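Values reported hereafter were calculated over all heavy atoms of this structure, with side chains retained and with hydrogens, waters and symmetry mates removed. Values in this document were obtained by computation on a predicted structure and should not be read as measured data.
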Amino acid sequence: MKMKSKKLLTLLLFVNAIWLANGKDFVNHVNTLQGTNSRFELTRGNTYPTLAMPRGMNFWTPQTGINRDGWIYQHFKDSIRGFRQTHQCSSWTNDYAAFSLMPVSGKLVVNQYDRALRFNHANEVAKPHYYKVTFDNRITTEMSPTERGVYFRFTFPKADNAYVVLDANNGGSMVRIYPEEQKIVGYCRNANHSVPKGFTNYFVVKFNKPFMAHGVWRNAAGDVTPGSKEAFGDYVGSYIQFTPGETVEAKVISSFISIEQAELSFSKELEGLQTLEQAKTNAQNAWNEQLGKVEVEGGTDEEVATFYSCFFRSMLFPRKFYELDANNNPIYYSPYDGQLHEGYMYTDNGFWDTFRAQFPLNALLHPQMHGRYVKSLIDAYDQSGWLPSWSFPGHSCGMVGNHAASLLADAWVKGIRTFDPEKALAAMYHEATNKGPHGPSNGRDGWREYFQLGYVPYPEYGESVAKTLEFCYDDFCAMQLAKLTGNRYYETIFGRQIFNYKQVYDTETRFMRGRKKDGSWVGNFDPTEWGGPYTEGSAWHYHWSVFHDVQGLINLMDGDRNFVAKLDSVFSVPNTFKVGTYGRVIHEMTEMAMINMGQYAHGNQPIQHMIYLYNYAGAPWKTQYWAREVMNKLYSSGPDGYPGDEDQGQTSSWYVISAMGLYSVCPGTDQYVIGSPLFPKMTIHLENGKTLILEAAGNSLENRYIQSASLNGKSFTRTWLTYKELTEGGIIRFKMGSKPNRAWGVASSDRPYSVSTKLK
């Protein structure tokens, strides 16, 4: 075994040396502190320094916040109370299956307040594959991840007592110490309402040094029982004492199935690792392989760092929720029915955010994973009777819309056909004609009235305009899947609703407005007022949510000139707001005011596609201007890296795909709309073995305008490319300039897809 381990380490170091020799250590460009300077009142990403393998089942992070609080790590804080296993994808949803380890020296303290240690960011290294911090008291913690575990190294000061404290968190926990095996096992059950009864996370911790002493502790105060080996209760933990000045390594793993499965995963992922450096190299290679799918050339150091930091975050969620059995077959505990199943399962994603950019990016760069993921949506439906919309890890059902329909239709349109379309259509129909027991996106709030009236009425249903527009788009997606699979029955049913957006468009104010059940408009209209008929926004933001029929919206507004003027006015009107039904200033309002781009609120999802709509109205140079403006002004690689919540990869994916000069305005079609590429050259290594090269001659922040374009030597003027064209590889060449070319991309035939146009 030792000889095999040495050979494996030699091979890994050789592979790593090749990456470094080629100057392609992509992971070195990533700063996992990006977006961590966030707080309740104003978020700059709402991220934490995530230590993980790509889409790893378990993440790890230093913890500045208190247990069970959504604010795990805030850059402005100066103390860490633990190194925590986390699954959190949003501060607003909090965490599940969390437990932590913390080194302590000198006097034994176990509760999360007393054990916290001060640190300085100058003594911190935060990369996807490696985290290190040296505290003010000279304890150093290092860690590197595996798929389901982590490898720790704690280095203690010479003269002081050395302890490692395990905190299993409240919500139901157990610890059991095996001193002779230098091991702790246990479980934690902390979670939210979305998990089945009996949900448990089982962990195994193995140390490389013998224990001088050990004990357990209970409750928030940390009542210690020295010498005890076991504790059960709502909130328990344990501690281990080592020789003063010791360097201690700990390997940690967990499972949602059993302690036995955790031990099996341990044998696969951690047992063969002899040093932290091996784990670090493995993780570095894994991330370089994924980040290396896109190579950028040119641009500033900051642009490169921002790109790869965002690219990293685009590949964290949805996370793997499956484990491997003794024969390396995938199995999983289902967060939907609480049973053990064979196959792949992924979770932790909110489609209201991520259908827009993250999944179209996944389809392009990670089609195998994406195929497994969309199939898992149907598996979730089989196990629970509902399609996921906001899984965390089961149905948490926040926000609005039934956007699993978007993911399924988009995958099918692009040739990713890993699921039964008939079952998918039946699931979509069930979703569209029922209201589930959970949140607003579990089935449809107001579905009867939506079918009867053509819109969701207000005030009977909050967020009624948002629901109407998003149901309408999802109906289009379902119609697309039905049409492509020859199912005339469902094509007809869903096709009846695809123009329902017209029911909430007011020709007098030229905004989407709340409408009463009797057909009259809700009074006292102010387009800057948030809430009420809208979700986390105002009429300015939801006006553009007609993804599938932008031409139809242009027609409602009496033509291109009015439409373009309205787009322009988003940026030129004051950045003021009224709190509306929220009753207070929420962080999204503050963020819109902060970026100072009028009513453009890039920190939240409803308007993120809006700058690409100029392409539909004969003014693509304005899309090119604003795409580069947003990338340049609103993103960075540092702690203030985002203009709002990062949201499980969506806001990062917006940057990554926009940097390619592309955006998927309407998932459920095969088109990617053209913007303005960020780098002079980008090489995309596709999973099918082909290579797509994007060249932008003369590209710079000043030279942001497309003068001409060609695909494999053939000139084109249309402002979109198909998934097939992109995934077949080749060379796309843009000639860039400092002034708009008002003759490129302006013909009617150059415009992207709209259902009104295609149905003529």
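- The side chain to side chain contact (heavy atoms under 4.5 Å, CB included) search around E297 returns K681, T683, not counting sequence neighbours.
- Centroid-to-centroid, the aromatic rings of H121 and F119 come within less than 6.0 Å.
- Between R44 and E591, none of the side-chain N atoms (NZ, or NE/NH1/NH2) sits under 4.0 Å from a carboxylate O, so this pair counts as no salt bridge.
- Of the possible donor and acceptor atoms, none in the side chain of R55 sits under 3.5 Å from a partner among the backbone N and O of R319.
- The backbone N or O of A126 lies less than 3.5 Å from a partner atom in the side chain of T32, making a donor-acceptor pair.
- Inspection of the Q650 and T354 side chains reveals no N or O donor paired with an N or O acceptor under 3.5 Å.
- With ring centers used as reference points, Y322 lies under 6.0 Å from Y346.
- With a 4.5 Å cut-off on side-chain heavy atoms, T146 and L270 count as touching.
- Side-chain atoms of N362 and M369, non-hydrogen and from C-beta on, do get closer than 4.5 Å to each other.
- With F156 as reference, V164 is the one residue of T243, V164, N161, T140 to meet the side chain to side chain contact (heavy atoms under 4.5 Å, CB included) rule.
- At distances below 3.5 Å, at least one donor-acceptor pair connects side-chain atoms of N58 with backbone N or O atoms of R148.
- Side-chain atoms of N111 and D114 form a donor-acceptor pair, as typed in the model, at a separation below 3.5 Å.
- Here the shortest heavy-atom pairing between S396 and S194 reads N-CB, 3.9 Å.
- Under 3.5 Å, the side chains of D25 and N288 contain a donor-acceptor pair of N or O atoms.
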Derivation and outcome, side chain to side chain contact (heavy atoms under 4.5 Å, CB included), residues F83 and T61: CA-CA 6 Å; F83 297 91; T61 183; over 6 Å; no

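- Here the shortest heavy-atom pairing between P179 and F211 reads CA-CD1, 3.7 Å.
- For F99 and F203, the ring centers sit closer than 6.0 Å to each other.
- Put simply, the side chain of Q241 never gets that close to the backbone of L108: no donor and acceptor are under 3.5 Å apart.
- When ring centroids are compared, W654 and Y642 stay outside the 6.0 Å threshold.
- Of the residues M143, E277, K132, the one that meets the side chain to side chain contact (heavy atoms under 4.5 Å, CB included) test with R153 is E277.
- Under the side chain to side chain contact (heavy atoms under 4.5 Å, CB included) criterion, K183 pairs with Y178, E181, V185, V204, K206, E263, sequence neighbours left out.
- Remark: Y308 pairs with F26, H29 by the ring pair (Phe, Tyr, Trp, His ring centres under 6.0 Å) rule, at least two apart or across chains.
- Under the 3.5 Å distance criterion, the side-chain polar atoms of N327 are left unmatched by any main-chain donor or acceptor of N329.
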Walk me through it: do L51 and F59 pass the test side chain to side chain contact (heavy atoms under 4.5 Å, CB included)? CA-CA 6 Å; L51 185 85; F59 298 170; over 6 Å; no

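- Counting only N and O atoms by type, the side chains of S391 and N349 include no donor and acceptor under 3.5 Å apart.
- The shortest heavy-atom contact between L33 and E124 is CD1-OE1, 3.8 Å.
- Checked against ring pair (Phe, Tyr, Trp, His ring centres under 6.0 Å), H87 has the following partners two or more places apart in sequence or in another chain: Y96, F256.
- A centroid separation of 6.0 Å or more is found between the aromatic rings of Y344 and F321.
- In plain terms, the two heavy atoms of D95 and A98 that are nearest each other are OD2-CB, 3.8 Å.
- In this structure, the side chain to side chain contact (heavy atoms under 4.5 Å, CB included) partners of D78, at least two apart in sequence or on a different chain, are R118.
- Between T590 and E41, every side-chain heavy-atom pair lies at or beyond the 4.5 Å cut-off.
- Side-chain contact of D645 with W92: a donor-acceptor pair under 3.5 Å is present, judged by distance alone.
- Checked against the 6.0 Å centroid criterion, the rings of W287 and F312 qualify as a close aromatic pair.
- For K209, the salt bridge (Lys or Arg N to Asp or Glu O under 4.0 Å) partners at least two apart in sequence or on another chain are E246.
- Between the side chain of S38 and the main chain of T43, no donor-acceptor pair closer than 3.5 Å is present.
- Side-chain N/O atoms of S238 and R176 include no donor and acceptor closer than 3.5 Å.
- In this structure, Y48 has its ring center at least 6.0 angstrom away from the ring center of W71.
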